[in-house]
Number of protein chains: 2
Amino acid sequence: MEDDHVSLAHGNGGRFMRELIEEIFARHLGADELDVEADAVPIALNGGEVMITTDGFTVQPLEFPGGDIGSLSVHGTTNDLAVAGARPLYLTLNAFIEEGLEIAQLDRLVASLAKAARESGVRVTAGDTKVLRRGEGGGLYLATTGVGVRMPGVRPSLKRIEAGDAIIISGSVGDHGTAVMLAREDFGLTGDLVSDAGPVFALTERLMAFDGLRFMRDPTRGGIASIAHEIKRATGLGVRFGANVPVRDPVQSVCDMLGYDPYYLACEGRVLAVVAPDQADAAVAALRELPEGRDAQVIGQVGESGDRVILETPLGGQRFLEELEDDPLPRIC
Amino acid sequence: MEDDHVSLAHGNGGRFMRELIEEIFARHLGADELDVEADAVPIALNGGEVMITTDGFTVQPLEFPGGDIGSLSVHGTTNDLAVAGARPLYLTLNAFIEEGLEIAQLDRLVASLAKAARESGVRVTAGDTKVLRRGEGGGLYLATTGVGVRMPGVRPSLKRIEAGDAIIISGSVGDHGTAVMLAREDFGLTGDLVSDAGPVFALTERLMAFDGLRFMRDPTRGGIASIAHEIKRATGLGVRFGANVPVRDPVQSVCDMLGYDPYYLACEGRVLAVVAPDQADAAVAALRELPEGRDAQVIGQVGESGDRVILETPLGGQRFLEELEDDPLPRIC
């Protein structure tokens, strides 16, 4: 690249745009897989039910402990396929780049995206870039669309949830949300907070072996409390979380200091699953065989009709977890 | 909606976000087709080769004569499928909404998007919204990913182009680019300029009936001059445009006044096709049977190896059309 920073000329459809695409995007993402000359590219899908999902990414800062917007744009979208019971296969990528973004940083972010895609087994098959005028973007926004094929016989769905079902989490909650917050604000806090961002397909693949699997979701924006409210809206049944929801000490400390509640904070590498009660222990054991599932546990159960979303406290009390309203943490994912 | 303007709380994963999605997006896009509760949704593809493409949209102003960012986000992406020889079937949608956008305007734009999708025969099957802080977005950015199935036997490709092939355009050039420019700047000019934005699948379907069809592309950013340079880079062959490239009078007037060149301006509802010379007249006749193809004509031919991109002038001269470099018209699409 001749330039160190992105300029408007990188977005005009001419030589500079072509160079940006060839020297940053195609270089990292592989010229074989990403045909930069085609308007649309074929994708091979061998049988099975084709699944599609899409997600936008605006995380600020663009790089944070444990990840960056590039890897996050892979994990966020492929995880949505995984929790829907599908094996992720293909991604498309949209990049909205603000004029003035350092080329070296863009290069790092696209390299990280490419690495995450390789590790997740997905190919980036199509892409588009737009350059925004200085002041009209937040450095970089990404949107990815994922295509996968559903595993035979697997139909996890909110509709399958029954009263008494067990709720399982694959690991601690709130890590991503607090890691990004601390990286953004200059709190003078350091070190122990790392995002949990990562692929969950290996976890969901284990869970899909259980015929008692009812439903899976990755607790991103709004955290596990918001999933509980989704369950309540869809089924009319309440949700009761135990006092054992795993929250790492540094996450809890930051939440206590800043007045956040970890049950509402985003994870980007966890799975919340609803499982028939008689299979819950076996499902937890299966998750714990994986490094990313070593902290898996049953954290609650689905209640009766008309119940609320309740969190038990360590001292034996309980509190209601209300639906999130005006507590925005913008640009956390 | 309780509010008149988008706030950050509409992006936080809680109640306000749910209401925004249900009352604006799901309402216009059809609850049957857009499952707002699922992480990923199945798409049915009956045989054929699956094609995928993606595009980002940042046009400013959000509404302009002849279209808006909503309809444009459908046409831009489905047209990329159409020129690749595929029938568009599904779309996913990402919306990056700036805090403060008027809800009524968002509603109009999503309604327009839904109408364009219905008219183009595509279903919007998945979506995601992110809300950007005031000052961190340009009102609204959209990204759409399109999935379609390639028509049997059709493989239009730059690689099939041969010296002597005819170049066809389906209608006048520069309309979209000038319409958006005038809507943006307050030039005191009015009236006659309307974007050509619209679906091109009916046009490409006609062209695909010809076995002499080599290549199709929609001349968006960078216009027909940039497609000519793509042909030159891919094949080593030059391109010669005649003096009859259709440019509407008001488009030419605006270009003369503002110093733009219509051959570099974006269209959003045209097809440039490269066709074997002995089938060119028949292909033009087939296009002219459609209202959107009534101005179709042969506008040039592919030259020899080492030739440049040349435009013949009405007085018998010629000029070189160089590759676009630093003439940015940001946010035109």
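Values in this document were obtained by computation on a predicted structure and should not be read as measured data. Computed from heavy atoms alone, side chains included, the values below leave out hydrogens, waters and symmetry copies. We name chains A, B, ... by the order of the sequence lines, and we start the count at 1 in each one.
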What option among A:G139, A:G56, A:A266, A:G85 has the most heavy-atom pairs under 4.5 Å with chain B? A:G56
What part of B:V147 gets closer than 4.5 Å to chain A, counting heavy atoms only: side chain, backbone, both or neither? side chain
NZ-CG distance between A:K130 and A:N94, expressed to the nearest 0.5 angstrom: 8.0 Å
Centre-to-centre under 6.0 Å for B:F96 and A:F96, is that the case here? yes
Just give me the residue among A:G138, A:G137, A:A225 that pairs up with chain B most often, heavy atom to heavy atom, under 4.5 Å. A:G137
Residue that, paired with B:L89, satisfies side chain to side chain contact (heavy atoms under 4.5 Å, CB included) out of B:V122, B:V50, B:V149: B:V149
So which of A:A95, A:A143, A:A82 has the biggest tally of heavy-atom pairs under 4.5 Å with chain B? A:A143
Is there a donor-acceptor pair closer than 3.5 Å between any side-chain N or O of B:T204 and the backbone N or O of B:F201? yes
Below 4.5 Å from any heavy atom of chain B, which atoms of A:L142 appear? Answer side chain, backbone, both or neither. backbone
Which atoms of A:L132 approach chain B - backbone, side chain, both or neither, heavy atom under 4.5 Å: side chain
Would A:T54 and B:D128 count as having a side-chain donor-acceptor pair, cut-off 3.5 Å? no
Pair B:T92-A:T145, side-chain donor/acceptor within less than 3.5 Å: yes
Tell me, for A:Y90 versus chain B, whether the close heavy atoms (under 4.5 Å) come from the side chain, the backbone, both or neither. neither
